[in-house]
Amino acid sequence: MSKELEKNYDPQKYEDSIYKKWEESGFFNPDVCIAKNICESDADTFTVALPPPNITDKLHMGHVVMIAVTDILVRYYRMRGRRTLWIPGTDHAAIATQNVVEKKLLAEENKTRHDLGRVEFLARMQEFISQTQATIIHQLKKTGGSLDWTREAFTLDERRQTAVKKMFIDMYKDEVIYRGYRIVNWCPRCQSTLADDEVEHYEQDAKFYTFRYAKDAPFAISTTRPETKLGDTGVAVNPEDKRYQSLIGKTYNIDFCGVKLNLKIVADSGIDMKFGTGAVGVTPAHSLIDYEIAQKNDLPVKKVINEDGKMADDLNNFSGLSVIEARELVVELLKNNGLLEKEEDIKNNLSVCYRCHTAIEPLTSRQWFIGVDKKLKRLGNQSLKERAIAVAKENQLKFMPERFTKRYLDWMENLHDWCVSRQIWFGHRIPVYYDIFDQENLDGFLYLKKDSLNIDIEKCKSLASTDKSMSFITNIVPGKNSQNDIIVTAFNFSFANALVKNGVIKRGDLIKSIDYVEVGKCKKWEVFSDEKKIGDSYVQDPDTLDTWFSSGMWTFTTLGWPLKAGRAGESGSKNDLANYHPMQFMETGYEILTLWVSRMVMMSLFALDEIPFENVYLHGMVLDKHGKKMSKSKGNGIDPLDMISKYGTDATRLSLIVGSTPGNDMKLSEEKIAYFRNFTNKLWNIARFVFSIAGETRLGDSPELQAKTLADKWILELLSQVESEVTKKIESYDFSGAAEALKKFTWDEFADWYLEIAKIEGRKEDMLVFVLKKLLILWHPFMPFVTEAIWQEMNNERFLMVTQWPVQDSSLKTKPAKKILPEMEIIKNIVSALRNLRANCKISPAKKLRAVIYTENSVQLLKNNLELIKGLRTGVTEIEIAKKGEKISKAAYASVSACEIYIPLEGVIDLKKEEEKIKKQAEDLNRLIKGLEKKLDNADFVQRAPKDVVQDQVDKLELYQTEAKQLKNQLKYLK
RNA sequence: GGGUUCGUAGCUCAGUUGGUUAGAGCGCCACGUUGACAUCGUGGAGGUCAGAGGUUCAAAUCCUCUCGGACCCACCA
């Protein structure tokens with residue numbers, strides 16, 4: 001009785017149930033593998049953290065690449081007996097996710113987050129997450145990644161919150177984190193700061209204005225942004241510039257469009273004398289470069305654009321105008337007063353927010369920074385930047401492909417302090433607290449939640465009138481302050497203090513009802529994580545941390561940090577940090593090398609003084625078949641889940657592996673995926689055939705193997721070659737090459753030759769089962785589902801997933817020999833030649849033919865394998881074999897492997913046509929021969945080239961000459 | 001402006017330190033359906049390796065330049 005498989009492999013039928021079985025087996029978890037003796041407790045580790053997909057994402061092809069690549073290695077090393085751990089999780093992606101929910105809120109309820117308030121808004125966020133997070137996790141499981149779900153993490157869950165707080169506090173204590181008043185990238189729409197690399201640049205048409213500030217100004221300046229000139233506090237010139245040298249150091253009081261400017265002329269060698277007028281208005285509050293010039297020259301910083309993208313209060317006519325309106329007004333006034341000297345069209349780069357594409361405003365703001373140049377005792381008196389550079393230079397941290405090391409180093413070397421505070425609500429809130437009743441300079445305001453306090457307004461008014469330093473506002477006009485749409489009452493700190501002192505409000509009640517505080521004005525703060533300490537007296541900083549702060553900690557928070565490291569060699573997740581850090585591998589797209597990878601390195605170095613991972617493999621982008629980026633708006637994206645349900649996970653994954661190289665973009669088409677679906681089906685049918693030959697009872701056994709025939713020896717030899725080739729290629733990250741070598745063996749050798757031979761020779765149960773099993777093992781990392789499905793059908797008790805990878809015999813040659821088992825090659829060559837002759841002469845395969853083969857040395861070999869030659873679809877039913885014989889005329893002739901083959905053709909085809917074809921072939925060959933002869937006549941070549949190369953050429957020439965002779969013979973015999 | 005990367009058959013791409021007649025899949029053409037597989041088989045046509053120069057006995061491969069595409073970084077005040 002043989003077991004029968006379905007005619008076609010149906011991935012839908014197997015994938016989900018197999019994944020469930022794997023999960024239930026616990027083998028994704030190294031602790032279970034150790035307990036069940038799949039690996040030793042002190043085996044080498046292979047640890048990876050899955051780059052956590054954003055919770056708002058759907059899975060895209062990039063994710064599948066990442067999983068396919070990593071899963072190949074994870075499964076491979078698991079089968080090799082390493083302690084293998086791959087930790088899954090999701091990322092809260094602060095700004096991105098908040099944007100999605102805010103858009104939704106606006107569309108569905110026409111509300112902003114301020115309408116809801118922080119608590120209610122975060123509740124909505126939570127609601128949203130609970131749906132989307134489940135989606136992405138479900139999708140991750142569909143990809144077949146062998147992830148240890150018992151260790152699943154989320155960048156904003158409770159453990160990560162504890163870790164982030166500790167990290168912040170530790171960094172603060174070491175003065176790596178500091179509070180600074182600096183120029184930052186501000187997105188007026190997101191109402192938040194952005195990191196430098198979250199800003200994108202687009203070229204646009206702009207006007208370049210050249211003008212004098214006023215009639216009495218002794219210089220003209222040029223700018224594309226005249227409105228910012230309201231904030232100028234200086235004018236910079238090149239110290240070499242003779243036009244302005246005499247002015248350096250002087251100060252001018254100027255009326256610029258009705259606004260008083262106090263401009264000091266300073267020298268800066270960075271100024272290009274040839275560009276514009278050679279004099280640059282310095283706007284410290286709204287340009288990074290100007291800010292730096294201002295710092296060097298002690299110029300004051302004057303902020304003229306507010307966080308809402310509108311002009312500041314004290315600019316008379318300009319106040320409250322948008323940036324664009326202000327620009328138009330400035331230009332108009334300049335024109336009216338005859339101050340505008342030039343107006344040119346130029347191209348310049350507009351900076352926009354990478355999330356919402358709103359133009360960003362550089363402006364000064366009080367923010368939290370990570371000082372990358374701060375020397376740290378814990379890092380041997382090196383800075384984060386220095387250590388992060390050193391680990392890459394010392395090759396502790398390796399990149400694949402290597403060229404990305406350079407990009408990493410370039411980026412690191414130019415790194416500025418990193419602004420980590422974000423003015424959004426969704427994320428890790430900064431653990432900084434302010435006692436607003438204990439501020440030396442109480443000029444800040446606090447805004448109350450709508451209807452949160454019942455206060456006697458009249459009483460407040462009378463209280464306020466007693467002291468000039470106290471003020472309060474009610475019913476603020478919406479829009480004047482970006483935070484105030486819902487605010488009806490605001491106090492300054494002095495007034496709040498007075499209210500508490502006079503018993504109008506209880507301190508705790510006041511703090512509870514605060515919606516927003518201008519903590520930027522506070523000069524004292526505390527940093528701690530102690531919930532009890534917070535009590536009723538502190539206001540927490542409203543800001544949250546840059547999303548990369550927490551995702552930068554991913555590699556060690558997923559292993560339990562800040563819990564103690566635990567004990568290496570002992571099982572259980574409490575020992576993860578000791579057992580599995582640093583990780584061995586990180587796989588991600590090259591586009592976030594700087595955004596994320598570099599941050600993980602710094603965070604890990606700070607927390608543990610260890611690199612987060614040893615190897616970084618960067619994959620390219622998946623483009624559509626025309627080489628365009630896949631995007632939702634273009635609608636050219638290929639949805640991996642559609643592909644998975646249509647063609648199966650294995651085919652989808654393989655299509656992303658074969659034909660792609662690390663670091664390079666790849667084009668993907670549905671046809672390519674379909675091709676690999678065909679291949680999974682081919683493998684399935686190989687198994688189906690083996691099952692039909694070998695009885696069911698035998699499938700589970702590991703038969704004692706006996707190679708009985710030539711073909712048996714040949715296929716085993718090939719198999720062992722391919723084993724070592726695949727192993728080698730996986731370890732050197734050549735997944736495409738490994739899969740191709742395997743595919744070649746599977747399809748071109750095993751299926752096309754050996755299975756056909758098996759049908760003829762018969763009694764191959766053991767051989768077929770043996771090779772099939774090996775094939776399943778070798779294919780498993782690449783195609784986990786179909787291989788496991790077949791394995792399970794073979795009644796194997798153990799999972800294929802934890803079956804041992806064949807251990808390599810190190811004596812095996814690394815390069816496959818050109819010809820394995822020459823006798824088998826002779827047979828194959830003859831079969832090919834027979835097919836070839838027939839096809840060339842366009843003889844229908846149905847037409848039975850007779851052949852005559854003359855051979856000096858292989859008579860016995862051919863006679864032994866006569867049935868093979870006849871049976872392997874040559875359509876030759878009668879073969880005469882002899883050492884030598886009489887010449888045969890009017891026959892197709894071929895000579896391979898020292899065998900002369902004749903197929904009498906009289907009455908079968910048009911002999912004249914055939915003759916012409918052969919003549920043409922002979923001409924081509926002669927050309928090759930002449931070339932080769934010339935090469936061998938060249939003394940330089942013969943002397944200098946390696947001997948084996950020369951020998952190759954000599955052999956080749958001989959071969960050609962023989963072939964040429966054969967063609968002559970062909971002509972001869974055709975007549 | 002600085003840097004990276006790519007340009008190989010009609011299409012999508014391999015081609016590892018220079019060394020067989022530059023490979024594969026799709027598509028195309030011809031023939032076929034044989035005891036697993038039409039999601040299949042056999043055979044074939046198709047390339048001056050973007051262009052020019054150089055190094056070398058030997059270049060798709062190394063160097064220089066040009067053209068064309070993609071990307072990264074910096075940035076014009």
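Below, chain A is the first sequence line, B the second, and so on; all start at residue 1.
Using a 4.0 Å cut-off between charged nitrogen and carboxylate oxygen, Glu761(A) and Arg763(A) do not count as a salt-bridge pair. Remark: Asp410(A) does not engage Arg407(A) in a salt bridge, criterion side-chain N to carboxylate O under 4.0 Å. Salt bridge annotation for Arg688(A)-Glu6(A): absent, with no cationic side-chain nitrogen under 4.0 angstrom from a carboxylate oxygen.
Per the geometry, CG belonging to Asn8(A) stands 11 Å off C1' belonging to C40(B), to the nearest Å. Phe679(A) places its CZ atom 12 Å from the C1' atom of U39(B), with the value rounded to the nearest Å. In this structure, Glu292(A) places its CD atom 13 Å from C1' of A74(B), rounding to the nearest Å. In this structure, Met621(A) places its CE atom 11 Å from C1' of U5(B), rounding to the nearest Å. Atom C1' of nucleotide A77(B) and atom CG of Asn238(A) are separated by 13 Å, given to the nearest angstrom. In this entry the distance linking CG of Asn681(A) with C1' of C40(B) reads 10 Å, nearest Å. One interatomic measurement links the two molecules: CZ of Arg677(A) to P of U39(B), which rounds to 8 Å at whole-angstrom precision. One atom, CD of Glu793(A), and another, P of A36(B), lie 18 Å apart when rounded to the nearest Å.
Contact annotation: Thr661(A) reaches the phosphate of A14(B) (side-chain N/O to OP1 or OP2, under 4.0 Å). Between Asn414(A) and the phosphate of C73(B), there is no side-chain N or O to OP1/OP2 separation shorter than 4.0 Å. Close to C13(B), at under 4.0 Å from its OP1 or OP2, lies a side-chain N or O of Lys667(A). When the side-chain nitrogen and oxygen atoms of Arg688(A) are compared with OP1 and OP2 of C37(B), one or more of them lie within a distance under 4.0 Å. Between G41(B) and Trp747(A), a contact under 4.0 Å exists linking OP1 or OP2 to a side-chain N or O. Under 4.0 angstrom from either OP1 or OP2 of A36(B) there lies no side-chain N or O belonging to Lys682(A).
Residue contacts for Lys935(A): at a heavy-atom cut-off of 4.0 Å it reaches no nucleic acid atom on any strand shown. Across all strands, Ala751(A) comes closer than 4.0 Å to base atoms (heavy-atom distances). Among the heavy atoms of the strands lying under 4.0 Å from Ile271(A) is at least one base atom, whether or not backbone atoms are also near. At a threshold of 4.0 angstrom between heavy atoms, the contacts of Ser287(A) with the nucleic acid are absent. Counting any heavy atom pair closer than 4.0 Å across all strands shown, Ser669(A) reaches no nucleic acid atom. Nucleic acid contact for Arg873(A): base, since at least one base atom lies under 4.0 Å from a heavy atom of the residue. No contact: Glu591(A) has no heavy atom under 4.0 Å from any strand. Residue contacts shown for Phe404(A) are absent, as no nucleic acid heavy atom lies under 4.0 Å away.
If you check the side chains of Glu341(A) and Tyr209(A), you find no donor sitting under 3.5 Å from an acceptor. In the model, Asn664(A) has a side-chain atom that pairs as donor or acceptor with a side-chain atom of Thr661(A) under 3.5 Å. Residues Asn678(A) and Tyr647(A) bring no donor and acceptor atom of their side chains to less than 3.5 Å of each other.
The base-pairing partner of A9(B), taking Watson-Crick or G-U wobble contacts with both distances under 3.5 Å, does not exist among the strands shown. Taking a pair to require two hydrogen-bonding distances under 3.5 Å in either a Watson-Crick or a G-U wobble arrangement, U16(B) remains unpaired. Of all nucleotides present, only G54(B) satisfies the Watson-Crick or G-U wobble test against C62(B), with each distance under 3.5 Å. Nucleotide G41(B) forms a pair with C31(B), judged by Watson-Crick or G-U wobble geometry with both contacts under 3.5 Å. Of all nucleotides present, none satisfies the Watson-Crick or G-U wobble test against U48(B) with each distance under 3.5 Å. Under the Watson-Crick or G-U wobble criterion, with both distances below 3.5 Å, U4(B) is paired with A70(B).
Of the candidate nucleotides A77(B), C72(B), G19(B), A77(B) has the atom nearest to the side chain of Asp272(A). Here A36(B) is the nucleotide among A36(B), A24(B), G3(B) with the atom lying nearest to any side-chain atom of Lys759(A). Of the candidates C71(B), A36(B), A24(B), the closest approach to any side-chain atom of Tyr590(A) belongs to C71(B). The Thr224(A) side chain lies nearest to A77(B) when the options are A77(B), A36(B), G19(B). Among C37(B), U5(B), A77(B), the nucleotide with an atom closest to any side-chain atom of Arg403(A) is U5(B). Checking A36(B), G43(B), G25(B) against every side-chain atom of Tyr675(A), the shortest atom distance belongs to G25(B). Here U5(B) is the nucleotide among U42(B), A77(B), U5(B) with the atom lying nearest to any side-chain atom of Asn664(A).
The residue among Ser660(A) and Asp665(A) whose nearest nucleotide of RNA chain B lies closer to the 5′ end is Ser660(A). Heavy-atom nearest nucleotides on RNA chain B were determined for Phe689(A) and for Asp748(A), and the one closer to the 5' end corresponds to Asp748(A).
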Using the side-chain hydrogen bond (donor to acceptor under 3.5 Å, both in side chains) rule, take Asp955(A) and Tyr960(A) through it: C-alpha gap first, then chi angles, then the decisive distance, then the call.
-> CA-CA 9 Å; Asp955(A) 291 349; Tyr960(A) 292 170; over 6 Å; no
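Rounded to whole Å, the separation between the P atoms of C13(B) and C6(B) comes to 13 Å. Rounded to whole Å, the separation between the P atoms of G19(B) and C63(B) comes to 15 Å. Distance noted for atom P between A14(B) and G53(B): 28 Å (whole Å). Separating the P atom of G41(B) from that of G27(B) is a span of 12 Å, rounded to the nearest Å. Nucleotides A70(B) and C37(B) place their C1' atoms 41 Å apart, quoted to the nearest Å. Between U61(B) and G44(B), the distance separating the two C1' atoms is 30 Å to the nearest Å. Across A9(B) and G54(B), the matching C1' atoms stand 29 Å from one another, rounded to whole Å. Nucleotides C62(B) and G46(B) place their C1' atoms 30 Å apart, quoted to the nearest Å.
No N or O donor and acceptor, one from the side chain of Glu6(A) and one from the base of A36(B), sit under 3.5 Å apart. For Lys229(A) against A77(B), no side-chain N or O and base N or O form a donor-acceptor pair under 3.5 Å.
Considering every non-hydrogen atom in both Leu350(A) and Ala359(A), the closest pair reads CD1-CB, 4.1 Å.
Here Phe941(A) contributes atom CZ and Gln953(A) contributes atom CD; the two are 4.5 Å apart, rounded to the nearest 0.5 Å.
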